[in-house]
Amino acid sequence: MTAAIIDGKALADKLRARTAIHIRHLKAAHGFVPGLAVVLVGEDPASRVYVRNKARQSEEIGMRSIHHALPADTEAAALVGLIKRLNADPGVDGILVQLPLPPQIDPAGVIDAIDPAKDVDGFHVINAGRLATGAPTLIPCTPLGCMLLLGERHSALAGLNAVVIGRSNIVGKPVAQLLLAADCTVTMAHSKTRNLPAVCRGADILIAAVGRPEMVRGDWIKPGATVIDVGINRIASADGKGRLVGDVAFAEALDVAGAVTPVPGGAGPMTIACLLQNAVTAACARRGIVIPTA
Ligand code: NAD
C-alpha cells in the first residue's frame, strides 16, 4: 500500500488566502486591519527565523505586523511591562511571545500576563481551561493545524481510536482535547508509556509530537491509519548542512499508513497559517463581529 501524502503547504496556502479575504472584509466593512504583535527575546537562530516568517506572512495577507525585539538579558519584569502595554493597546489584536525564553524568565509568568482575549497562541490557563471544558476559545496553533490536516482525510472522527505521543502543553495535551471533542477515543502516550509500539498499533489516528527523529517505525502503524507527524528534528546529512525529519520514519509509514504528513511540508506550515487565523478570530471576538464566511 502507498499512503496518501497530506499536503500541509497547500492547505496552509488555502487557509492564508481565506484569512486574507477576511482581513479585506474587516477593512472594508468595519474600518480596521487586525494587528499581530510578536515579541522576540534574545538571539536564538531558530526563533529569529520563525519570527521573520510570521512577520512576512502577516504582511503578505494584509495584517498589521508589530515586532518587538528585546535583548537576551531582559528581565521578566521588563517583558511583562511590554505585554501590559500591548494588552492596553487597542490596535493590537494578538500577542505572541516567541518561545523558548532566556533562562532568567519563567515562561508561565509571561503567558499569564497576556490578556486571554489577545492570546493567539492559546497557551493562557484560561484558554487552556476553556478548551478542556469545551467553551469557545483561541485554540493553540499547531493542534488546530493537526485537526485541519485530519479534516483533509476524514469527514468525521467519531469513534476512531486516536493515539497522541507527547504530552506537552503546547501540542500533545491540546491536540488530545480536540480529538476528544471530536468524539475520538483518545490515548495519550508519553516517555513513561509501556510498550509504545503496541499502543500505536491500535491507532486509527496517530499524532506524533515527541522531538525524536524517526522514532515511530512502520511496524508501529496500523494498516490504513492516518499519521500526523508534528516533530521537527534536524539530523546530519551527507552535504554537512543537515536535513529536517519528523518523529515518524516517513518512507516506512508510506508503505503501511492510509495517509501521512511529510516533514517538512505537513504540520509546520499549518502552524503559522493557524496563528494568522487566530489573530483574525481574536480581533473579531473583541469587537463582537461575526467572522464572515469566505
Ligand atoms: P516537548 O519536549 O515539550 O514534549 C515532548 C513529549 O514527548 C513529552 O511529553 C514526552 O513525554 C514525550 N516523549 C519524549 N520521549 C519519548 C519517548 N521515548 N516515547 C514517548 N514519548 C516521549 O516537545 P513539544 O514542544 O511538544 O514538541 C514536540 C515536537 O514537535 C518537537 O520536535 C518540536 O520541534 C515539534 N513542534 C513542531 C511544531 C510545528 O509547528 N510543526 C510546533 C511545536 C512543536
Side-chain angles (χ1 to χ4, degrees), residues 11-39 50-51 53-68 82-98 110-152 170 174-175 177-178 181-182 269-294:
L11 186 59
D13 287 348
K14 263 202 276 185
L15 185 55
R16 270 197 312 276
R18 200 182 66 180
T19 305
I21 291 171
H22 290 164
I23 292 170
R24 284 201 293 277
H25 168 84
L26 291 173
K27 190 174 178 185
H30 300 276
F32 78 96
V33 169
L36 173 62
V38 176
V39 182
Y50 289 138
V51 164
N53 285 341
K54 284 167 189 169
R56 180 178 50 77
Q57 292 190 26
S58 313
E59 282 158 15
E60 276 171 9
I61 64 165
M63 186 175 287
R64 221 158 46 79
S65 170
I66 303 136
H67 182 63
H68 289 271
L82 170 61
I83 290 170
K84 286 185 175 160
R85 289 197 295 283
L86 295 171
N87 284 344
D89 183 340
V92 171
D93 295 290
I95 303 169
L96 178 142
V97 178
Q98 183 65 45
V110 172
I111 293 166
D112 262 5
I114 298 173
D115 178 348
K118 297 187 178 187
D119 169 38
V120 280
D121 255 338
F123 294 163
H124 194 286
V125 286
I126 288 186
N127 287 326
R130 285 177 161 270
L131 181 64
T133 53
T137 188
L138 290 163
I139 297 169
C141 306
T142 303
L144 178 56
C146 290
M147 297 307 287
L148 296 174
L149 288 164
L150 285 174
E152 290 293 280
I170 65 171
V175 85
Q177 298 284 3
L178 291 168
M270 288 301 290
T271 297
I272 298 185
C274 289
L275 168 74
L276 302 177
Q277 178 180 270
N278 274 354
V280 169
T281 303
C284 293
R286 276 178 54 234
R287 294 170 174 83
I289 297 171
V290 176
I291 298 180
T293 48

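Nothing fancy with the numbering, it's 1 onward along the sequence.
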Any donor-acceptor pair under 3.5 Å from [X] side chain to [Y] backbone:
{"X": "Arg18", "Y": "Lys14", "answer": "no"}
{"X": "His124", "Y": "Ile126", "answer": "yes"}
{"X": "Asn127", "Y": "Thr137", "answer": "no"}

Ignoring hydrogens, what is the shortest heavy-atom contact between [X] and [Y]? Give both atom names and the distance.
{"X": "Pro34", "Y": "Met63", "answer": "O-CG, 3.2 Å"}
{"X": "Cys141", "Y": "Asn278", "answer": "SG-ND2, 3.8 Å"}
{"X": "Leu138", "Y": "Pro116", "answer": "CD1-O, 3.7 Å"}
{"X": "Arg130", "Y": "Pro136", "answer": "NH1-O, 2.9 Å"}

Taking C-beta and beyond as the side chain, do [X] and [Y] meet within less than 4.5 Å on heavy atoms?
{"X": "Asp93", "Y": "Arg64", "answer": "no"}
{"X": "Ile139", "Y": "Leu131", "answer": "yes"}
{"X": "Gln277", "Y": "Leu144", "answer": "yes"}
{"X": "Ser58", "Y": "Leu276", "answer": "yes"}
{"X": "Ser65", "Y": "Val38", "answer": "no"}
{"X": "Pro140", "Y": "Ile170", "answer": "no"}
{"X": "Tyr50", "Y": "Leu96", "answer": "no"}

Gap separating the [atom1] atom of [X] from the [atom2] atom of [Y], nearest 0.5 angstrom:
{"X": "Leu11", "Y": "Arg16", "atom1": "CG", "atom2": "CZ", "answer": "10.0 Å"}
{"X": "Cys284", "Y": "His25", "atom1": "SG", "atom2": "NE2", "answer": "7.5 Å"}
{"X": "Ile272", "Y": "Gln57", "atom1": "CD1", "atom2": "CD", "answer": "4.5 Å"}
{"X": "Asp121", "Y": "Ile114", "atom1": "CG", "atom2": "CD1", "answer": "7.5 Å"}
{"X": "Leu148", "Y": "Leu15", "atom1": "CG", "atom2": "CG", "answer": "6.5 Å"}
{"X": "Leu36", "Y": "Glu59", "atom1": "CG", "atom2": "CD", "answer": "10.5 Å"}

For this session: Begin from the C-alpha positions of Ile111 and Val97 and carry the test side-chain contact (heavy atoms from CB on, under 4.5 Å) through to its verdict.
Result: CA-CA 8 Å; Ile111 293 166; Val97 178; over 6 Å; no
Can you give each donor-acceptor pair under 3.5 Å made by side-chain atoms of residues 83-92, sequence neighbours left out, with the distance rounded to 0.1 Å?
unit_1, atom_1, unit_2, atom_2, d
Asn87, OD1, Asp115, N, 3.0
Asn87, ND2, Ala113, O, 2.8
Asp89, OD1, Gly91, N, 2.8

